[in-house]
Number of protein chains: 2
Amino acid sequence: MRDLTIAKAAREAGVGVETIRFYERRGLIDQPMKPQGSGFRVYSPEQIKRIKFIRQAQQIGFSLHEIQELLSLRADPAADCSVVRSQAVAKLEDVNRKIDQLHHIGTALEALIAVCPGRGGLHVCTILDTLIDPAHSRVPSLAADGPLPAVPPKRKRQNGSIAANNHKQRRAL
Amino acid sequence: MRDLTIAKAAREAGVGVETIRFYERRGLIDQPMKPQGSGFRVYSPEQIKRIKFIRQAQQIGFSLHEIQELLSLRADPAADCSVVRSQAVAKLEDVNRKIDQLHHIGTALEALIAVCPGRGGLHVCTILDTLIDPAHSRVPSLAADGPLPAVPPKRKRQNGSIAANNHKQRRAL
DNA sequence: ATGGCGTCCGTACCACAGTACGGAGTCAAG
DNA sequence: CTTGACTCCGTACTGTGGTACGGACGCCAT
């Protein structure tokens, strides 16, 4: 794979041209070399890898900001390996938290689906009943009516997890 | 639990006052009765349950739009249970996909951390090298370089709207 | 009756992650 | 040498899910 202009690089990485420029503006990727005289960006395989990495990390639920932190550590010559390591550890914890959360959600959904008759009018649909009034449900996973994860922190938002990605697959349902 | 004014209802449901009004505007909840003469919203336990439902469904990964659909299904006597079910199934698949990806990254991070010397300059740090260039890593978990989900569908713009937005980044406060 | 919350409403603003547009320049094929 | 596709850049706009603000008014206890 040779160096590619932006449109081909975008195709290759599975993003839009504008997205690449957007990442560049955000400092997630460097502006690539523009070979002699040409004002056109030309992307090396490494740079395309980096874009793919960004997508991958995003898929997993990291925000662009988090990804930037990860990447900027790499660029810091003063950075100590232990810093990177502890970031990695923190990310791992993060990942594990996310997995836990998703497991919860998953089992809840499974339970709901298992109990749902799957046909007939809504008057026999237990899914919505359960969702709407978990306390009275025979499905325990959602009856744990515990304190919902408090309303997201004021001012600063760093979550962006599940719903944030949803607009991309909106038609997935 | 008696009927509550908006602030107490919000506390009870674990959201902000503005969020309730926001849900109302979005049509996710009805405006509650305002008892004789009073212009104040008063929320019944049922309505609070509905707000909690919205939060719960959000936790599960439904967007507000999807939740709205779900709720309007509930209001539609002609709606079929199987519709709701298949929505839930789709969400479950979604969740499982995310879990898979996270497991990938999780094991990868573990492997990376295990291989990382943990001290010294970045020139000896293997973590970032591997993250950014999975293909050349001795840690295989990240090398799975599969096809990334295609770039999200393009929307067409067809309305010169007068618009509510200067998304200029203004640093106030 | 008055002070201090609580609430009303509308509008503006925020962060995030892009997407779209337009006018100008560039490049490669015919 | 023209033409059409591609690229440049900056700015505006989008959708999602809220938050914040401010003036006016309601409610209740002292």
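Model, not experiment: these values are computed from the prediction. In what follows, chains carry the letters A, B, and so on, assigned in the order in which the sequence lines appear, proteins first and then strands, with residues in each chain numbered from 1.
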- request: May I ask you to decide if A:I29's main-chain N or O and A:R50's side chain share a donor-acceptor pair within less than 3.5 Å?
  value: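 No; judged by distance alone, with no hydrogens or angles, the pair does not exist.
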message: My understanding is that only residues two or more places apart in sequence, or in another chain, count here; which of them pass side-chain hydrogen bond (donor to acceptor under 3.5 Å, both in side chains) with B:S82?
response: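 Partners of B:S82 under the side-chain hydrogen bond (donor to acceptor under 3.5 Å, both in side chains) test: B:D80.
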query: Quick one: side-chain hydrogen bond (donor to acceptor under 3.5 Å, both in side chains) partners of A:Q47, sequence neighbours excluded?
result: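 Only A:S44 meet the side-chain hydrogen bond (donor to acceptor under 3.5 Å, both in side chains) criterion with A:Q47.
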Quick one: [X] [atom1] to [N] [atom2], roughly how many Å, whole number?
| X | N | atom1 | atom2 | value |
| --- | --- | --- | --- | --- |
| A:Q68 | C:dA15 | CD | P | 15 Å |
| B:I20 | D:dG18 | CD1 | P | 12 Å |
| B:L4 | C:dG6 | CG | C1' | 14 Å |
| A:F22 | D:dT14 | CZ | P | 17 Å |

message: Suppose the criterion is salt bridge (Lys or Arg N to Asp or Glu O under 4.0 Å): which pairs have a residue in residues 25-41 of chain B, not counting sequence neighbours?
response: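 Qualifying pairs, neighbours excluded: B:E24-B:R41.
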By side-chain contact (heavy atoms from CB on, under 4.5 Å) - contacts of [X] (at least two apart):
| X | answer |
| --- | --- |
| B:A79 | A:L122, B:L73, B:D76 |
| A:D100 | none |
| B:Q68 | B:L28 |
| A:R97 | A:E93, A:D94 |

Establish, with yes or no, whether the OP1 or OP2 oxygen of [N] is under 4.0 angstrom from a side-chain nitrogen or oxygen of [X].
| X | N | answer |
| --- | --- | --- |
| B:Q58 | D:dG18 | yes |
| A:R55 | C:dA17 | no |
| B:Y23 | D:dG17 | no |
| A:S38 | C:dT26 | no |

For nucleotides 1-3 of chain C, print each protein N/O atom paired with a nucleotide N/O atom at under 3.5 Å, atom names and distance only.
none

Distances under 3.5 Å between nitrogen or oxygen atoms of protein and nucleotides 28-30 of chain D:
none

- request: Verify whether one side chain among A:Y23 and A:R55 offers a donor that lies under 3.5 Å from an acceptor in the other.
  value: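 Side chains of A:Y23 and A:R55: pair found under 3.5 Å.
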task: Using a 4.0 Å heavy-atom cut-off, write out nucleotides 5-10 of chain D from 5' to 3' as B (base contacted by protein), S (sugar-phosphate only) or - (no contact).
output: -BSSBB
- prompt: Just wondering, do A:E110 and B:L92 contact through their side chains at under 4.5 Å, heavy atoms?
  reply: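 Contact flag for B:L92/A:E110 side chains = yes.
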query: How would you list, by chain and number, every residue that makes a salt bridge (Lys or Arg N to Asp or Glu O under 4.0 Å) with A:E18, sequence neighbours excluded?
result: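 A:E18 satisfies salt bridge (Lys or Arg N to Asp or Glu O under 4.0 Å) with A:R21 once adjacent residues are dropped.
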